[in-house]
Visitor: 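Supplied in structure tokens, the structure appears directly below.
Since we're looking at a predicted model, the values are computed, not measured. The analysis underlying the following values was restricted to heavy atoms, covering all of them including side chains, and did not include hydrogens, waters or symmetry mates.
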Amino acid sequence: VQLQASGGGLVQPGGSLRLSCVGSGFTFDQYAIGWFRQAPGKEREGVACISYNGEGRSYADSVKGRFTVSRHKSRNTVYLQMNSLKPEDTAVYYCATGHMSYCSPNPSDDYRGMHYWGKGTLVTVSS
């Protein structure tokens, strides 16, 4: 199982970025995919999660209305569209999956169920 996150970078407050997570080595469209982030000196937190079929989505309260998670079946890819970015969104972002098809209402609650993690991609929001 491999996951590869990409798309991070430096963006000004109020700007947008789209992260991508490409999966391989497993049946991608049978499992939920979660996005997590870890800021310096802080614990890793759940940001968003999308169910195996894309019909179920959950978000952390801090990103609701600003971030959107989606998946493209044929590309084995999950996206995280991040709009209205704030300095507090600065973190390394990771995608992950486990033996689950659905997401918890709170993405952080899925942390222990995520057994496979990609290398993170750094998002820096600064002027």
Visitor: Hey, could you give me each pair passing side chain to side chain donor-acceptor pair (under 3.5 Å) that has a residue in residues 5-16? Not counting sequence neighbours.
Guide: S16-N83
Visitor: Which value, rounded to the nearest 0.5 Å, describes the distance between Q81 atom CD and S20 atom OG?
Guide: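 So the CD of Q81 and the OG of S20 are separated by 9.5 Å.
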Visitor: Which residue pairs satisfy the disulfide bond (SG atoms under 2.5 Å apart) criterion with at least one member in residues 4-40, sequence neighbours excluded?
Guide: C21-C95
Visitor: Using residues 34-41 as the side-chain source, report each donor-acceptor pair under 3.5 Å to any protein atom, sequence neighbours left out, with the distance given to one decimal.
Guide:
| unit_1 | atom_1 | unit_2 | atom_2 | d |
| --- | --- | --- | --- | --- |
| R37 | NE | E45 | OE2 | 2.7 |
| R37 | NH1 | D89 | OD1 | 2.9 |
| R37 | NH1 | Y93 | OH | 2.9 |
| R37 | NH2 | E45 | OE2 | 3.2 |
| R37 | NH2 | S62 | OG | 3.4 |
| Q38 | OE1 | R44 | NE | 3.3 |
| Q38 | OE1 | R44 | NH2 | 3.3 |
| Q38 | NE2 | K42 | O | 3.1 |

Visitor: Is there a donor-acceptor contact under 3.5 Å from the side chain of T77 to the main chain of R75?
Guide: yes
Visitor: Can you tell me which residue pairs pass the salt bridge (Lys or Arg N to Asp or Glu O under 4.0 Å) test with a partner in residues 91-105, sequence neighbours excluded?
Guide: none
Visitor: Check whether more than 12 heavy atoms from other residues, nucleotides or ligands sit under 6.0 Å from atom CD of E43, and answer yes or no.
Guide: no
Visitor: Does T27 have any side-chain contact (heavy atoms from CB on, under 4.5 Å) partners at least two apart in sequence or in another chain, and if so, which?
Guide: D29, Q30
Visitor: Check whether any side-chain heavy atom of M82 lies under 4.5 Å from a side-chain heavy atom of L19, and answer yes or no.
Guide: yes
Visitor: State the OG-CZ distance between S84 and R66, to the nearest 0.5 angstrom.
Guide: 7.0 Å
Visitor: Check whether M100 and Y94 end up in the same hydrophobic cluster, where Ile, Leu, Val, Met, Phe, Trp and Tyr are linked by side-chain heavy atoms less than 4.5 Å apart.
Guide: yes
Visitor: Tell me which one of V63, I33, V47, L80 satisfies side-chain contact (heavy atoms from CB on, under 4.5 Å) with V69.
Guide: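 Of all the options given, the one that passes is L80.
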Visitor: I'd like to check L3 versus T97 (side-chain heavy atoms, cut-off strictly below 4.5 Å). Are they in contact?
Guide: yes
Visitor: Not counting sequence neighbours, list each pair that qualifies as a side chain to side chain donor-acceptor pair (under 3.5 Å) and has a residue in residues 104-115.
Guide: S104-D110
Visitor: Can you name the ring pair (Phe, Tyr, Trp, His ring centres under 6.0 Å) partners of Y116, sequence neighbours left out?
Guide: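 Testing Y116 for ring pair (Phe, Tyr, Trp, His ring centres under 6.0 Å), a comparison that skips the adjacent residues, returns H99.
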Visitor: What heavy-atom pair brings S58 and P105 nearest, and what distance separates the two atoms?
Guide: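 In this case the closest contact between S58 and P105 is CB-O, 3.4 Å.
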Visitor: Is there any disulfide bond (SG atoms under 2.5 Å apart) pair reaching into residues 22-69, and which pairs are they, with sequence neighbours excluded?
Guide: C49-C103
Visitor: If I take atom CG from residue L17 and atom CG from residue L10, how far apart are they, to the nearest 0.5 angstrom?
Guide: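 Between L17 CG and L10 CG, I get 9.0 Å after rounding to 0.5 Å.
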Visitor: Under 3.5 Å, is there a donor-acceptor pair between the side chain of R57 and the main chain of A48?
Guide: no
Visitor: How would you list all residue pairs meeting ring pair (Phe, Tyr, Trp, His ring centres under 6.0 Å) that involve residues 42-91, not counting sequence neighbours?
Guide: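 Qualifying pairs, neighbours excluded: Y52-Y102.
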Visitor: Compile the donor-acceptor pairs under 3.5 Å between side chains in residues 117-126 and protein atoms, sequence neighbours left out, one pair per line.
Guide:
| unit_1 | atom_1 | unit_2 | atom_2 | d |
| --- | --- | --- | --- | --- |
| W117 | NE1 | M114 | O | 3.0 |
| T121 | OG1 | G8 | N | 3.0 |

Visitor: Can you pull the disulfide bond (SG atoms under 2.5 Å apart) pairs that have at least one residue in residues 50-79, sequence neighbours excluded?
Guide: none
Visitor: Who passes ring pair (Phe, Tyr, Trp, His ring centres under 6.0 Å) against Y31, sequence neighbours left out?
Guide: none
